[in-house]
Participant: 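Just dropping this structure here.
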Amino acid sequence: MHRLLTSLSQQQASSSSSFARIPRVSRLFCARNTFLLHQISTRSRRAAPFATSTMTSNSPPSIPPSFASPIPPPLPHPRYPSKLTSSLPCDELSALGHEDGDDATPLPDSVLNTPRMVRDAVYSYVNPENQSEGAFLLGWNKGLAKTIGVDQNKLERTQWTDEEYNNVVKVLTGGARTLANAETSEGEKGPRLAQPWALCYGGHQFGYYAGQLGDGRAISLYETINPETGEPWELQLKGAGKTPYSRFADGYAVLRSSIREYLCAEAMAALGVASSRSLAIMSTKTVVIREEGGEPGSIVCRAAPSWIRFGNFEIFFYRKDRTNLRKLAEYVSEEVFKLPSDDPQEMAGFAEKFRNIDLKNPTGEVDAVGAEHVQKRSTGTPASATAATEGAAEGAPVAEPQPKPLYRNRFARMYEQIAVRTAIMVSGWQSTGFCHGVMNTDNMSVLGLTIDYGPYAFLDKYDPEWICNHSDSEGRYAFQQQPGICLWNMSRLALTLENLIGAQERVDDLAWMQEQESDPEKEKHLKEAAQDIVVEILNKSFREVFLKDYRQRMNAKLGLGGPEQVQNDDLTKILVPALSWMDDYEVDFHQFFRDLADYKVQETKTVDENMAQVEFFVKKVIPSTIWEVRRSVAVEESKTWMAAYHNRLVESKELKDDEQRRTRMNKVNPAFVLRNWVAQKVIERATVSVMKTQDGSKEDDPDKDLLDKVLWMCQHPFGDENAIDDVKQGADGDTACEVKRNDAGLEVYGEFVGPVPEWGQGIQCSCSS
């Protein structure tokens, strides 16, 4: 990581540089699968309204109640029909019968859930498999419940009636359609109904395009709007059974992977990293067969404002389906990012002013500069946005004396939004020591959210080359590779949008667009126009945003003040050398910053006057076995960064205050981290507890509320004194956890904080879940 940072900071100083090319690996993670083709009945010849819906329709088509599932309280009120399903094209087979109104007959689940190739569609209607028999609620996140708009009087499980508890269990385990008496009547907010769906998308897996993928075991239950904030949320069940995109899998999720996702999504949110969220985790009686045999099944109810991914664009691009690619781009621009439409008058004025033409004339020359969405471009000749992005690794195109202005239409601005959000997301990963493990394009959210928690890990000792996924034999997704992989994934997304971006001010001239795209030579000009816009966005809105956000986050962790106090030398003289030193001496990433908060400047002016403090710090953070052998060298080499760090502190009255600095640092450096060994310990104990519950055991179960307790730790990772006092006083009720202190003053959350046990060192997970 420190080598990457040095490279990036050097590139930032030069306007003719960009990210290094990310090498492809030589193996294919997931071979393309042969899908079962379903023989569609003659009814498929009738046009389904959802298959042809567009963003310009005046009103969404209605969904017959016979197709929908009731969503009773205390769950939040659904938006019916959902914005996504009423705006975008649906799988033709799953849409059959919708046009028949109230007399419609739904297709059986055996047909809807059959894995198959799906074309011309963003999603398929699909019903979760009913796993409600014997299921129970294992964990409930009251914090997110409040965020998404659950009734204030129903946030706690203890506030529910038995019927309401049964409703939650039924809905979140696929049994909603058995709730015949649920309220479905029209009211001020519309009926309490939902028609679940699964998304269709493709994706690059370990560097290679893998064809159709899609939501193989995730089913979006419904959309809801928080009535107070107006924020949209899409609730999704992971592990809810087969969908058309399950390929040869069973659509289930095992308890261990569900626990990992349920906890980590909330841990990331608490650490200030954009993430999907977790509402609930359910235990089911489904026995899930995996490599090591049968495992207990589980379903996680997770939430995000949108679950659209890079792969949603890729599936249409590689199928050469420009019509649906544009519909999706329009939807994401308008509904997900709420970007304003392009102003026709502004576009016409741009064309006349900068092309010396009107919009009916495709040729013209440049004669001036200026406009809100104008960008100067060089006249480099890469054939596409992809070539430009990768070619920039060897030197970005050099601006020529008379650059041409480019118009950033709404699709370019949408791409820029995605770049900014992705840069901030991965900056959060690097600053919190988080390794995702499977950064395929189908796991990349357009909203820059951390999603699809699989074989992730938080660093223990700092190792920039750490690979958390043992399936990643070539280290493509190693910790230090993550920023570059995000850039590579952004280039894959650029490839899908380059015609829309390259069309600039003429993007809404559909006849002209069709003419350009039908002629390879003319289409080449669209791609050439797009490449400069894309390179500029990736240099400015990704690389620079990443470096700025990362510097701010790391300066805060080091106690060097807020964003306004960041200095250029902090990266090269303090952070990069410190990371290199941590790597050399196998220092725990998280413990390093917590212990650094205890470093006292006192009245000293130089680090040489404060060597007792330096030696005390080094001894605390270096493993004892290394300290015994290399103590003198370790202390001396720490001065390569500690001297500059000490000088930065003493030059500022604010930073020099030891107690204030310690307080600020401990508010951004977690005391509790969901390390792999912690997650494994929780999984083992929670699994035993689940088995006792399922067997109807009457013996005392000390781990009955374990997930609630660990969830609290994930949501309060900094050892905040107010939060700890609330727990001591019982303010959090059944979510309270034991809090202790060790000799070093570190707030210890029960048994889940401390040195990494020998058995827990270097734990790697697989994609199997």
Side-chain angles (χ1 to χ4, degrees), residues 131-141 157-158 165 168-169 172-173 238-239 250 252-267 278-301 453-458 672-715 732-740 748-761 763-766 768-769:
Q131 302 177 62
S132 61
E133 184 66 30
F136 61 92
L137 187 63
L138 194 56
W140 173 260
N141 182 3
R157 283 180 289 179
T158 55
Y165 175 84
V168 171
V169 172
L172 300 188
T173 55
K238 185 174 181 180
D250 54 23
Y252 300 133
V254 297
L255 181 61
R256 56 181 166 84
S257 68
S258 297
I259 289 175
R260 284 172 58 84
E261 172 146 3
Y262 177 71
L263 294 177
C264 195
E266 292 304 297
S278 302
L279 178 62
I281 180 171
M282 314 298 298
S283 172
T284 72
K285 281 199 168 183
T286 303
V287 177
V288 183
I289 305 302
R290 293 294 182 260
E291 288 86 344
E292 298 181 359
E295 298 188 48
S298 178
I299 296 175
V300 171
C301 180
Y453 291 88
Y456 69 83
F458 286 93
F672 171 84
V673 179
L674 189 66
R675 303 170 189 261
N676 266 351
W677 73 267
V678 174
Q680 183 61 30
K681 204 166 187 177
V682 173
I683 288 168
E684 291 173 358
R685 288 171 53 179
T687 300
V688 172
S689 177
V690 165
M691 300 308 293
K692 287 181 179 179
T693 302
Q694 290 183 345
D695 293 342
S697 173
K698 301 297 183 181
E699 65 179 274
D700 182 54
D701 184 2
D703 291 328
K704 181 180 180 181
D705 299 320
L706 177 64
L707 281 185
D708 285 338
K709 295 176 181 179
V710 179
L711 179 68
W712 183 94
M713 300 178 199
C714 291
Q715 294 171 329
D732 273 7
D734 63 346
T735 62
C737 64
E738 182 182 12
V739 182
K740 301 177 182 177
V748 180
Y749 293 68
E751 63 191 280
F752 297 115
V753 167
V756 180
E758 185 175 352
W759 64 265
Q761 296 175 2
I763 292 179
Q764 291 178 301
C765 297
S766 73
S768 171
S769 57

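Model, not experiment: these values are computed from the prediction.
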Participant: Should we say atom NZ of Lys692 is surrounded by more than 12 heavy atoms from elsewhere, each under 6.0 Å from it?
Facilitator: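 Counting other residues, nucleotides and ligands, NZ of Lys692 exceeds 12 neighbours.
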Participant: State, with a plain yes or no, whether a side-chain heavy atom of Leu172 is found less than 4.5 Å away from one of Ile299.
Facilitator: no
Participant: Using side-chain heavy atoms (C-beta onward) and a distance below 4.5 Å, is Val288 in contact with Asp250?
Facilitator: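 They are in contact (side-chain heavy atoms under 4.5 Å apart), so the answer is yes.
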Participant: For the NZ atom of Lys709 and the NZ atom of Lys704, what is their distance to the nearest 0.5 Å?
Facilitator: 11.5 Å
Participant: Any chance you could measure Lys681, atom NZ, to Leu706, atom CG, to the nearest 0.5 Å?
Facilitator: 11.0 Å
Participant: Going by atom types only, do Ser278 and Asn141 share a side-chain donor-acceptor pair under 3.5 Å?
Facilitator: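 No, because no side-chain N or O of Ser278 sits under 3.5 Å from a partner of the opposite role on Asn141.
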Participant: Write down the atom of Ala457, the atom of Asn676, and the distance for their closest heavy-atom approach.
Facilitator: CB-ND2, 3.5 Å
Participant: Shortest non-hydrogen contact from Gly294 to Val287?
Facilitator: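 Answer, listing the atom of Gly294 first, then Val287: CA-CG1, 3.9 Å.
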Participant: If I take atom CG from residue Asp705 and atom CH2 from residue Trp712, how far apart are they, to the nearest 0.5 angstrom?
Facilitator: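 Going from CG on Asp705 over to CH2 on Trp712, the span is 15.0 Å.
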Participant: With heavy-atom distances below 4.5 Å as the criterion, would you say the side chains of Trp140 and Leu279 are in contact?
Facilitator: yes
Participant: Count the heavy atoms of every other residue, nucleotide or ligand shown that sit under 6.0 Å from CD of Glu133, and state whether that count exceeds 12.
Facilitator: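 No - once you tally the heavy atoms of other residues, nucleotides and ligands closer than 6.0 Å, there are 12 at most.
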Participant: For the residue pair Ala135 and Val169, what are the closest heavy atoms and their distance?
Facilitator: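 Heavy-atom minimum between the residues: O-CG1, 3.7 Å.
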Participant: Could you check whether any side-chain heavy atom of Phe136 comes within less than 4.5 Å of a side-chain heavy atom of Val690, counting everything from C-beta outward?
Facilitator: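 Side-chain contact under 4.5 Å: yes.
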Participant: With Thr687, which of Val682, Leu255, Asp703 fulfils side-chain contact (heavy atoms from CB on, under 4.5 Å)?
Facilitator: Leu255
Participant: Which heavy-atom pair separates Ile259 from Ala686 by the least distance, and what is that distance?
Facilitator: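 Closest approach of Ile259 to Ala686, heavy atoms only: CD1-CB, 3.8 Å.
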Participant: Rounded to the nearest 0.5 Å, what's the gap from OG on Ser689 to CD on Gln694? Could you check?
Facilitator: 10.0 Å
Participant: Taking C-beta and beyond as the side chain, do Val168 and Arg157 meet within less than 4.5 Å on heavy atoms?
Facilitator: no
Participant: Should the pair Arg260 and Tyr456 be classed as cation-pi, given the thresholds of under 6.0 Å to the six-membered ring centre and 45° from the axis?
Facilitator: yes
Participant: Short question: side chain of Ser258, backbone of Val254 - any donor-acceptor pair under 3.5 Å?
Facilitator: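 Yes: the side chain of Ser258 pairs with the backbone of Val254.
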Participant: Donor-acceptor pair, Tyr165 side chain versus Leu137 backbone, under 3.5 Å?
Facilitator: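 Checked: pair present.
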Participant: Taking the side chain as every heavy atom from C-beta outward, state whether Gln131 and Met282 have any pair of such atoms under 4.5 Å apart.
Facilitator: no
Participant: For the CD atom of Glu261 and the CG atom of Leu263, what is their distance to the nearest 0.5 Å?
Facilitator: 10.5 Å
Participant: Trp677 and Pro757: which non-hydrogen atoms are nearest, and at how many Å?
Facilitator: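 Nearest heavy atoms, Trp677 then Pro757: CD2-CD, 3.5 Å.
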Participant: For Ile281 and Ser298, which heavy atoms make the closest approach, and how far apart are they?
Facilitator: CG1-OG, 3.5 Å
Participant: Say you draw a straight line from CZ of Arg290 to CZ of Arg256; how long is it, rounded to the nearest 0.5 Å?
Facilitator: 7.5 Å
